[in-house]
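Contents: one structure, followed by commentary.
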Amino acid sequence: MPELPEVNTVAKVFRKTVLNNPIAKVEVYDSKILRRDTPDVFAQAIERQSFIDTYRHGKYFFAELDSGKHVLFHLGMTGDIHYYHHEDERPKYVRFEIFFADGLILGYEDLRKFSQILIVPNLKEYLEETRLGPDALRIGKEAFLKLFAERKTPLKAILMNQQLVAGIGNLYADEICYQARLHPGSTAGALKKKELETIFEKMKSILKLACRKNAYYRVYPKNWFWEWRKVGNKIPKIGVVKKTNIGGRTTFFVDKYQKLIR
DNA sequence: TGTGATGTTGAATG
DNA sequence: GCATTCAACATCAC
């Protein structure tokens with residue numbers, strides 16, 4: 001579920017659904033994902049408050065409370081937020097619920113429990129602490145090009161490094177490399193300015209379009225890599241999809257179509 | 001039955 | 001100290 005466009009969509013729905021809606025109660029069913037807070041501290045920070053604003057940085061989604069504190073929702077691999085009015089609509093892997101005074105329930109589900117949910121007293125301090133790079137949608141071209149200089153890391157590892165640029169995960173990194181026609185294993189520092197500019201443009205256009213489509217991949221353009229991202233697929237006039245491991249993640253690419261720069 | 005999964009972290013290595 | 005790699009985390013679906 002959660003890379004930048006998915007998190008952006010979660011934030012969008014959250015704003016539309018619960019902003020300024022008074023909260024009555026919080027129930028924690030599995031405290032593993034709270035990471036830092038005890039269930040009591042977590043619940044007490046949220047109960048009898050309202051969410052008044054949101055902020056997204058990369059894959060990190062912050063919801064601001066009346067008190068000025070933020071609740072961080074980092075969705076990990078399988079986190080998602082659901083909204084419903086009856087307990088029988090509760091998602092299978094629900095980890096906590098927020099009950100609003102008007103009867104709406106926000107249910108947080110996370111099968112694999114890799115989420116990070118916590119109360120953030122000071123947003124600015126927290127962002128410095130986590131040392132996140134600039135958000136992928138906000139980073140400027142000059143700053144982006146600099147990330148690649150002198151580095152021997154593969155191109156894809158740069159894109160996925162949240163300390164360098166925040167928001168790109170495994171799937172969108174593959175999409176960017178494919179559309180830029182560059183092999184994800186290309187040496188970062190060996191890429192020419194022209195190639196880096198292409199990566200930059202593709203990164204922006206892919207993320208923007210995905211956000212506009214609310215990360216609903218079924219309506220992504222037909223010429224995207226998305227649906228083809230599987231070994232052995234033969235893309236007409238392009239080539240056969242292959243699999244490898246780059247930056248510790250399963251990586252799909254099309255040999256020859258995506259130029260390997262060393 | 002074994003394998004892999006849209007993420008992050010911290011330890012180990014160079 | 002910096003850059004880079006890799007196992008670990010938890011659980012289920014295919």
Side-chain angles (χ1 to χ4, degrees), chain A residues 1-11 29-36 56-62 72-81 91-96 108-118 120 126-127 129-133 135-137 146-178 184-190 203 206-207 209-211 213-218 220 224-232 241-253 262:
Chain A
M1 222 257 142
E3 295 182 44
L4 191 152
E6 287 76 13
V7 177
N8 197 63
T9 304
V10 165
Y29 308 113
D30 190 325
S31 59
K32 170 79 176 53
I33 59 172
L34 297 185
R35 304 297 173 101
R36 186 186 288 187
R56 183 196 58 72
H57 189 113
K59 304 169 191 171
Y60 290 67
F61 166 50
F62 302 88
L72 164 61
F73 295 82
H74 187 293
L75 279 49
M77 291 277 249
T78 51
D80 201 6
I81 298 179
K92 190 170 173 192
Y93 301 105
V94 70
R95 303 306 179 194
F96 66 86
Y108 189 84
E109 81 160 335
D110 182 12
L111 187 158
R112 288 174 70 188
K113 303 185 195 177
F114 285 179
S115 289
Q116 301 183 52
I117 310 291
L118 49 107
V120 175
Y126 183 83
L127 288 173
E129 236 172 72
T130 52
R131 302 197 307 161
L132 284 178
D135 183 82
L137 281 180
K146 276 186 196 155
L147 302 178
F148 294 80
E150 313 277 316
R151 286 176 180 271
K152 289 178 183 160
T153 322
L155 154 61
K156 184 178 175 183
I158 302 277
L159 293 175
M160 287 195 303
N161 186 332
Q162 304 302 303
Q163 262 78 57
L164 298 178
V165 53
I168 301 165
N170 200 17
L171 271 55
Y172 288 94
D174 277 1
E175 185 70 47
I176 293 166
C177 293
Y178 174 83
S186 296
T187 307
M203 173 183 80
I206 289 166
L207 293 178
L209 184 61
C211 284
K213 301 289 186 189
N214 292 325
Y216 189 59
Y217 67 86
R218 274 173 270 256
Y220 287 174
W224 276 29
F225 189 46
W226 207 266
E227 300 279 10
W228 299 100
R229 199 180 169 279
K230 201 179 168 199
V231 180
V241 178
K242 293 188 176 173
K243 181 168 105 164
T244 183
N245 185 300
I246 295 171
R249 308 301 300 278
T250 301
T251 298
F252 296 91
F253 67 103
R262 287 282 188 206

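FYI, side chains are in, hydrogens and waters are out, and symmetry mates aren't considered; it's all heavy atoms of this structure. Naming: A, B, ... by sequence-line order, numbering from 1 per chain.
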If you only use heavy atoms from C-beta on, which nucleotide in C:dT5, B:dG7, C:dA10 is closest to the side chain of A:Pro154? C:dT5
Given B:dT6, C:dA10, C:dT4, which nucleotide is nearest the side-chain atoms of A:Lys113? C:dA10
Is A:His74 near enough to B:dT8 that one of its side-chain N or O atoms lies under 4.0 angstrom from OP1 or OP2? yes
Is the phosphate of B:dG7, meaning OP1 or OP2, less than 4.0 Å from a side-chain N or O of A:Lys59? yes
For DNA chain B, what dot-bracket results from Watson-Crick or G-U pairs at under 3.5 Å, with [ ] for crossers and | for inter-strand partners? .||||.||||||||
Could you tell me the separation between the CD1 atom of A:Ile246 and the CG atom of A:Leu155, rounded to the nearest 0.5 Å? 8.5 Å
Could you tell me the separation between the CD1 atom of A:Ile33 and the C1' atom of C:dA10, rounded to a whole number of Å? 12 Å
Whole-Å distance between C:dC2 C1' and A:Gln163 CD? 13 Å
Minimum side-chain heavy-atom gap A:Val241-A:Arg229 below 4.5 Å: no
Report yes if a side-chain nitrogen or oxygen of A:Thr250 is closer than 4.0 Å to either non-bridging phosphate oxygen (OP1 or OP2) of B:dA5; otherwise report no. yes
Answer with yes or no after comparing the ring centroid distance for A:Trp226 and A:Phe252 against a 6.0 Å cut-off, counting only values under it. no
With a 4.0 Å cut-off on heavy atoms, is A:Arg249 in touch with a base, just the backbone sugar-phosphate, or nothing at all? base
Quick one: label A:Gly248 by what it contacts on the DNA or RNA (base, sugar-phosphate, nothing), any heavy atom closer than 4.0 Å. nothing
Could you tell me how far apart A:Met77 (CE) and B:dT8 (C1') are, to the nearest whole angstrom? 10 Å
Same-atom distance (C1') from C:dT4 to B:dT6, integer angstrom: 23 Å
Could you tell me whether the side chain of A:Gln162 and the main chain of A:Gly58 form a donor-acceptor pair under 3.5 Å? no
Write down the distance separating the P atoms in B:dG10 and C:dA10, rounded off to the nearest Å. 15 Å
Under 4.0 Å from OP1 or OP2 of C:dC9: is there any side-chain N or O of A:Lys32 that close? no
Length of the line joining A:Asn245:CG and B:dA5:P, which is rounded to integer Å: 9 Å
Could you check whether A:Tyr172 gets within reach of a base, just the sugar-phosphate, or nothing at all, counting any heavy atom under 4.0 Å? nothing
Between C:dT4 and A:Thr153, is there an OP1 or OP2 to side-chain N/O distance shorter than 4.0 Å? yes
Checking A:Tyr216 now: which residues fulfil side chain to side chain donor-acceptor pair (under 3.5 Å) with it, not counting sequence neighbours? A:Arg218
Which of parallel (below 30°), tilted (30 to 60°) and perpendicular (above 60°) describes A:Tyr178 and A:Phe225? parallel
Under the criterion of centre distance below 5.5 Å and interplanar angle below 30°, is A:Phe114 classified as stacked on the base of B:dG7? yes
Between A:Arg112 (CZ) and B:dT6 (P), how many Å, whole number? 8 Å
Whole-Å distance separating the NZ atom of A:Lys156 from the C1' atom of C:dT4: 16 Å
Non-neighbouring partners of A:Arg56 that pass side chain to side chain donor-acceptor pair (under 3.5 Å), sequence neighbours left out: A:Asn8, A:Asp135
Work out how far the P atom of B:dG4 is from that of C:dC6, and round it to whole angstrom. 16 Å
Choosing from C:dA13, B:dT6, C:dT11, which nucleotide comes nearest the side chain of A:Leu111? C:dT11
Side-chain donor-acceptor pair present, A:Tyr108, A:Ser115, cut-off under 3.5 Å: yes
Nucleotide B:dG14, atom P - distance to CZ of A:Arg151 in whole Å: 20 Å
note: A:Leu171, atom CG; B:dA5, atom P; distance rounded to Å ~ 10 Å
